[in-house]
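Data first, discussion second: the structure below is written as structure tokens.
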Amino acid sequence: MNFKKIGIVGFGQMGSGIAQVTAAAGYKVVAREEKEELLQKGLKGIEKLLDKAIEKGKATADDKAKVLGNISTTTKLEDLADCDLVIEAVTENLEVKIPIFKALDKACKPETIFASNTSSLSITDMAVETSRRSRFVGLHFFNPVPVMKLVEVVHTVMTDDAAFKDAIAFAESVGKVVVRAKDSCGFVVNLLLVPYLIDAIRWYENGLATKEEIDNAMKLGCAHPMGPLELTDFIGLDTIMYIGEIMFEEFRQPHYAAPPLLKRMVKAGYLGRKSGRGFYDYSKK
Ligand code: CAA
């Protein structure tokens, strides 16, 4: 692997986290968003995290300058033309992702490896839309990216060994531990995590215990950092519902289906931390 320049499409929570760890590892990063204000928001978020780390004595002003100095931003996909690897982290919707990959396929040099950070969509569905099916992988990071150690590196039946090895080497070079997975819906983590979260919502809806009791049970009984309802708020209720729907579509098993309470809360706009309210109220924080 001889990667120098990494493109990141989508500079939201996941994209900016991936940009931060990639830039910290010494790569040049080109981050692309549709609008300039989203690029500024992503950069501000990274700056804030770095300032916090400096306050805690866990980073220096030089570290901050290095990370920010390694990130450039653009609204044009063509500016990613000479990247060695492009990681897509946009909305979880094939109708959004596929046109982006098609445009990147035209713009980027033939050797560029493409990766999607999708949590539940098929890597194969995206790869077949490009002329580089054998150099297309999944690189699934976890939120918050700077904290979570894991990256799932996903291969399809078309991925060639060299590209897969390069993707693994890249993930390790940004300080992550790799779990290799086949292109199967939800890979490893979400396949196991999402039905657990959905089950917790179902039992909460059935009146098993209060939300605090359900969360405390899993935190104190299993040493999880967050209980399932807290974690659903953290990830986003809409995201969990959406991933559950994709899994239900794929496997046709009822335990993946969103319970009525989850659907109603999403409809009401209670999406979790990002909307200020989910199972808990975040409006005053
Ligand atoms: N970005 C970067 N760093 C963050 C952060 C963020 N959003 N939130 C917290 N941190 C850092 C803090 O700066 C702190 O760093 P230091 O130890 O270096 O000081 C550290 O994380 C601990 O933070 P706090 O003390 O503020 O809070 P905490 O101890 O309660 O930890 C947490 C917060 C790390 C989020 C922890 O609660 C946790 O691990 N929760 C579970 C998260 C999880 O399961 N993520 C996976 C979600 S599933 C997914 O992402 C896949 C998908 O496809 C849906």
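Both backbone and side-chain heavy atoms feed into the values below; hydrogens, waters and symmetry mates do not. Positions are given from 1, in the same order as the sequence printed here. Every number for a ligand or one of its atoms is a count from 1 in the order of the listing.
- With sequence neighbours excluded, the residues that form a salt bridge (Lys or Arg N to Asp or Glu O under 4.0 Å) with E92 are K97.
- Relative ring orientation between Y282 and Y280 is described as perpendicular, the plane-to-plane angle rising above 60° on a 0-90° scale split at 30° and 60°.
- The residues lining ligand 1, counting any heavy atom closer than 4.0 Å, are L49, K56, K58, S119, H140, F142, N143, P144, P146, V147, M148, N190, L193, P225, M226, L231, F234, I235.
- Taking D84 as the reference, K109 meet the salt bridge (Lys or Arg N to Asp or Glu O under 4.0 Å) condition, with sequence neighbours excluded.
- Partners of Y27 by ring pair (Phe, Tyr, Trp, His ring centres under 6.0 Å), not counting sequence neighbours, listed by chain and number: F170.
- Not one N or O on the side chain of S184 forms a donor-acceptor pair closer than 3.5 Å with the backbone of F187.
- Both the sub-6.0 Å distance and the 45° axial angle are satisfied by R132 relative to the ring of F114.
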